[in-house]
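Just below is one structure, and these are the notes that go with it.
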Protein chains: 2
Amino acid sequence: MQPALDPLSTTLSALADPTRRAILARLARGAATVNELAEPFDISLPAVSRHLKVLQAAGLISRGREAQWRPCRLEAGPLKDLDGWLASYRRFWEGSFDKMEAYLATITKGDPDGREN
Amino acid sequence: MQPALDPLSTTLSALADPTRRAILARLARGAATVNELAEPFDISLPAVSRHLKVLQAAGLISRGREAQWRPCRLEAGPLKDLDGWLASYRRFWEGSFDKMEAYLATITKGDPDGREN
DNA sequence: CTTGTATTTAACGTACTTGTTAAATAAAGC
DNA sequence: GCTTTATTTAACAAGTACGTTAAATACAAG
């Protein structure tokens, strides 16, 4: 068993794969089966199955059970948590950003490299 | 040379490591040198240096050069892009969420497992 | 030019990730 | 029961990630 990453790390590594993000994008338009999800990709079904396992372990999808199909659906909880984490950094690209730029400018005194200590 | 991941994947994998996120949190409070950044961690300096390399490659930090110090500073661009990506999913945990819940409830007809097709 | 401080690179080990193919499991339907 | 369809597990290979220690590099200062 792995050392059990913290939830945010688990979410971020799950999202770090473009195939998995594409799967989520598809699920944002509604639930789908494994075969449906695999259709756009040039990888084998087992590979897709494993991506789904990763997404489910991260809580980003949940799965149902209908005959031989295991439909997947998007679960937004971890995305919401990620959004919450990101929020603490939002000030760096919003409003006060100009203020910070100005502040940095005063302490770097026109240094082209922008070093300040 | 690696196949060059797309920028969002690069950002997300850089952020997927808790040590790297802690480094960013520290840098959110102001620029810092490698030794300063390494201080709170129980890992070697080379390990920290490599984390910084990853963060820089992802554009999440920039580095200056002051005598033998290479001060790091936070760069918010990739975080802003991530926020932009996340925005497309925001509807899943805001406002219309209740509506979606209600919708799912109608098609699952009280199934405890929540399957809908 | 030798020493001390800051940081990186090299070399290496271990573990995880991702993909593959072949086989197993699950359920439907004849 | 046997076949078909959907999906997962097993076994394996190649590449990547992350940590270590030892050596190299960069610069400041005697």
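These numbers come from a predicted model, not from an experiment. Chain letters run A, B, ... following the sequence lines, proteins first and then strands; every chain starts at 1.
A:Arg50 meets the salt bridge (Lys or Arg N to Asp or Glu O under 4.0 Å) test with no other residue; sequence neighbours excluded.
In this structure, A:Phe41 is a member of the same hydrophobic cluster as A:Leu27, with clusters built from ILVMFWY side-chain heavy atoms closer than 4.5 Å. Under the 4.5 Å side-chain contact rule for hydrophobic residues, B:Leu8 and B:Val54 do not share a cluster.
Counting non-hydrogen atoms under 4.0 angstrom, A:Leu45 reaches a base of the nucleic acid.
Nearest nucleotide to the B:Arg63 side chain, out of C:dT18, C:dT7, C:dA27: C:dT7. With distances taken from any side-chain atom of B:Thr33 to the nucleotides C:dT7, D:dA28, C:dT8, the minimum falls on C:dT7. Ranking D:dA28, D:dG19, C:dT8 by closeness to the B:Ile43 side chain, first place goes to D:dG19. Nearest to the side-chain atoms of B:Arg50 among the listed nucleotides C:dA11, D:dA28, C:dT7 stands C:dA11. The A:Gln68 side chain lies nearest to D:dT5 when the options are C:dG19, D:dT5, D:dT8. Of the candidates D:dT9, D:dT20, C:dT7, D:dT9 carries the atom nearest the A:Lys53 side chain, counting heavy atoms from C-beta on. The side chain of A:Ser44 lies closest to C:dT20, out of C:dT20, D:dC27, C:dT9. Closest to the side chain of B:Pro46, from the set D:dG19, C:dA10, C:dT7, is C:dA10.
Going from atom CG of A:Leu52 over to atom P of D:dA6 covers 15 Å, rounded to whole Å. Remark: C1' of D:dA17 and CG of A:Leu5 are 12 Å apart, rounded to the nearest angstrom. Taking atom CD on A:Glu66 and atom P on C:dA27, their separation rounds to 12 Å, with Å as the unit. With rounding to whole Å, A:Asp42 atom CG is found 17 Å from C:dT18 atom P. Taking atom CD of A:Gln56 as the reference point, atom P of D:dT7 lies 13 Å away to the nearest angstrom. The distance between atom CD1 of A:Ile61 and atom P of D:dT7, rounded to the nearest whole Å, is 12 Å. Distance CD (A:Glu36) to C1' (D:dT5): 14 Å, rounded to an integer number of Å. Going from atom CH2 of B:Trp69 over to atom C1' of D:dA26 covers 12 Å, rounded to whole Å.
Side chain of B:Arg63 to backbone of B:Arg70: a donor-acceptor contact under 3.5 angstrom is found. Between the B:Ser9 side chain and the A:Ala16 main chain, a donor and an acceptor come within less than 3.5 Å of each other.
For the OP1/OP2 pair of D:dT7 and a distance below 4.0 Å, the side-chain nitrogens and oxygens of A:Asn35 include at least one atom meeting the criterion. Applying the 4.0 Å criterion to OP1 and OP2 of D:dA17, one finds that B:His51 has every side-chain N and O outside that range.
The heavy-atom pair separating A:Glu75 from A:Gly59 by the smallest distance is CB-O, 3.3 Å. A:Leu52 and A:Leu37 get closest at one heavy-atom pair: CD2-CD1, 3.8 Å.
Each of A:Ala67 and B:Ser49 was assigned the nucleotide of DNA chain C with the nearest heavy atom; the assignment lying further toward the 5' end belongs to B:Ser49.
Listed by residue number, the members of residues 13-28 of chain A with any heavy atom below 4.0 angstrom from DNA chain C are A:Asp17, A:Arg20.
When the shell of 6.0 Å around CG of A:Asp42 is examined, it contains 12 or fewer heavy atoms from other residues, nucleotides or ligands.
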